[in-house]
A.B. asks: 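Provided herewith is a single structure, encoded as structure tokens, for subsequent inquiry.
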There are 2 protein chains.
Amino acid sequence: MKKDLRIIKTEESLRKALLTLLKTKTLETISISELCRLAQINRGTFYLHYRDVHDVFRHYFEVIVEDFRKAYEKPYLNTNFNINNMTPDMIDIFNHVKKYKAFYQIIFDGKSPMTYYYLVFDTIRKFMEESLSIDNNAVYLDVDFDYLISYHANAIIGIIIEWHKQNYTTPIEILNEQLIKLITNTRSYR
Amino acid sequence: MKKDLRIIKTEESLRKALLTLLKTKTLETISISELCRLAQINRGTFYLHYRDVHDVFRHYFEVIVEDFRKAYEKPYLNTNFNINNMTPDMIDIFNHVKKYKAFYQIIFDGKSPMTYYYLVFDTIRKFMEESLSIDNNAVYLDVDFDYLISYHANAIIGIIIEWHKQNYTTPIEILNEQLIKLITNTRSYR
DNA sequence: GAAGATAATGAACACCTGTACAATAAAAGT
DNA sequence: ACTTTTATTGTACAGGTGTTCATTATCTTC
């Protein structure tokens with residue numbers, strides 16, 4: 001079954017208007033009324049499609065996350081993967097974040113809701129889950145699989161948070177280096 | 001210099017009113033107007049002290065985080081700490097989270113702003129930073145210290161997120177066990 | 001306890017929010 | 001092309017937001 005043309009038109013107008021407004025102001029300062037005025041959509045119609053402005057933004061971010069998922073699906077799965085033989089190019093996540101930096105700056109902003117964070121988290125987590133499941137030989141020392149994955153997935157986001165706080169100044173190659181060292185254990189003594 | 005009594009009275013009324021409202025409804029559904037009505041504070045006065053309802057909530061959470069910080073400051077520092085000789089009771093963070101479960105459920109809610117998350121993150125991160133700095137002998141394999149700490153700090157929150165998603169069903173003892181295994185490396189083969 | 005400083009109040013303003021409903025417009029199905 | 005179905009519109013309403021300003025109340029300080 002096809003979607004009504006009017007719906008497509010309405011939603012696209014709103015999404016396009018949001019991008020336009022984001023060029024000059026922050027997501028939090030954009031009101032539904034303003035968005036509808038620019039998109040030339042009746043405000044009542046807005047509520048037939050979205051709950052709030054974040055809801056419109058979410059669409060873009062879901063496309064972005066999907067782009068990431070597809071781009072790194074294959075190389076990831078082809079590796080006999082386990083948590084200790086990972087190479088940086090398998091999870092070229094930093095390239096992805098840099099590519100959509102403008103969006104990730106919004107997502108990691110203190111005022112943004114946690115939903116976006118969870119979307120990133122769930123995506124990375126799922127990647128790890130699928131990859132680690134392939135590596136049947138590994139036994140993870142009685143660590144519950146759910147906790148293991150959540151631990152490592154969020155650790156990676158920890159690097160992205162640090163990168164964000166440093167305003168994305170660290171080069172991607174360095175980040176990949178560091179990540180690989182952190183994953184394949186971290187400590188040595190002099 | 002002392003704080004004006006009127007200010008103390010106003011802020012306390014608002015904070016108390018928030019706690020009352022939180023018993024019956026969620027943080028997002030509480031309006032400034034409603035809060036002021038219950039606290040018997042003029043709405044204009046509200047804006048002299050807080051920016052929004054979250055701002056009032058933040059006060060409570062800062063107290064909670066401070067409680068955590070103080071409770072685990074000493075045992076942590078007394079240990080010749082490094083990332084591999086940690087014991088669960090050093091970071092008894094899960095006990096803390098359980099104690100203030102009602103608050104952490106709000107903080108990890110998808111609608112809550114990232115600010116609270118960052119407050120948790122910064123606190124755990126600072127703990128790690130202070131502790132790891134003591135362990136002068138360790139060299140962390142050319143891993144940038146900032147990234148190292150952010151990585152491990154956020155990993156721990158990864159466990160809390162998983163715990164939250166499982167509705168805090170996993171017992172604390174198990175969580176401590178798993179955490180220690182995850183920190184002191186994770187993998188073995190059959 | 002009086003004088004000066006500062007905070008709280010009430011009223012008003014323009015704007016935003018979420019919802020409802022009848023009227024209209026524009027698709028889809030035949 | 002015509003009918004049916006469905007989406008959009010305009011209007012209205014009760015409430016919330018954030019700000020301003022003169023007035024009043026309450027604290028602090030001496």
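Just so it is clear: chains get the letters A, B, ... in the order the sequence lines come, proteins before strands, and each one is counted from 1.
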A.B. asks: For residues 17-24 of chain B, run the donor-acceptor check on the side chains, cut-off 3.5 Å, and write out each pair with its distance to 0.1 Å, sequence neighbours left out.
C.D. replies:
{"unit_1": "B:T20", "atom_1": "OG1", "unit_2": "B:K16", "atom_2": "O", "d": "3.0"}
{"unit_1": "B:T24", "atom_1": "OG1", "unit_2": "B:L21", "atom_2": "O", "d": "3.2"}

A.B. asks: Just to confirm, is there a sub-4.0 Å distance from OP1 or OP2 of D:dG10 to any side-chain nitrogen or oxygen of A:N42?
C.D. replies: yes
A.B. asks: How about B:H96 and B:Y104: are their ring centroids closer than 6.0 Å?
C.D. replies: yes
A.B. asks: For the side chain of B:T45, starting at C-beta, report the closest nucleotide among C:dT6, C:dA8, D:dT9.
C.D. replies: C:dA8
A.B. asks: Separation of B:I41 atom CD1 from C:dG10 atom P, in whole Å?
C.D. replies: 11 Å
A.B. asks: Without hydrogens or angle criteria, can the side chains of B:T29 and B:T26 be said to hold a donor-acceptor pair below 3.5 Å?
C.D. replies: yes
A.B. asks: Roughly, in whole Å, what's the span from CZ in A:R37 to C1' in C:dA14?
C.D. replies: 12 Å
A.B. asks: With a sphere of 6.0 Å drawn around NZ of A:K165, does it hold more than 12 non-hydrogen atoms of other residues, nucleotides or ligands?
C.D. replies: yes
A.B. asks: In this structure, how many angstroms lie between the P atom of C:dT17 and the CD atom of A:E34, rounded?
C.D. replies: 10 Å
A.B. asks: With the threshold set at under 4.0 Å for non-hydrogen atoms, list the residues of residues 6-30 of chain B touching DNA chain C in residue-number order.
C.D. replies: B:R6, B:I7, B:T10
A.B. asks: Does either side chain, that of A:Y147 or that of B:T170, offer a donor lying less than 3.5 Å from an acceptor on the other one?
C.D. replies: yes
A.B. asks: Expressed in angstrom and rounded to an integer, what is the separation of B:D4 atom CG from D:dT29 atom C1'?
C.D. replies: 12 Å
A.B. asks: Please report whether the ring centroid of B:H59 lies less than 6.0 Å from that of B:Y50.
C.D. replies: no
A.B. asks: So if you build clusters from Ile, Leu, Val, Met, Phe, Trp, Tyr with side-chain heavy-atom gaps below 4.5 Å, do A:I174 and A:I183 land together?
C.D. replies: no
A.B. asks: Just checking, is any N or O donor in the side chain of B:T123 or B:R69 under 3.5 Å from an acceptor N or O on the other one?
C.D. replies: no
A.B. asks: Which whole-number value in Å describes the distance from B:I32 CD1 to D:dT17 P?
C.D. replies: 5 Å
A.B. asks: Quick one, which residues of residues 47-61 of chain B touch DNA chain C with a heavy atom under 4.0 Å?
C.D. replies: B:L48, B:H49
A.B. asks: Find the distance A:L35:CG to C:dC15:C1' and express it as a whole number of Å.
C.D. replies: 16 Å
A.B. asks: Given D:dT17, is OP1 or OP2 found less than 4.0 Å from the side-chain N or O atoms of B:S33?
C.D. replies: yes
A.B. asks: Is there a donor in the side chain of B:Y47 and an acceptor in the side chain of B:N42, or the other way round, less than 3.5 Å apart?
C.D. replies: no
A.B. asks: Examine the base of C:dG18 for any acceptor or donor lying under 3.5 Å from a partner atom in the side chain of A:R43, and report the outcome as yes or no.
C.D. replies: yes
A.B. asks: How close or far is atom P of C:dT6 from atom NZ of B:K3, stated in whole angstroms?
C.D. replies: 16 Å
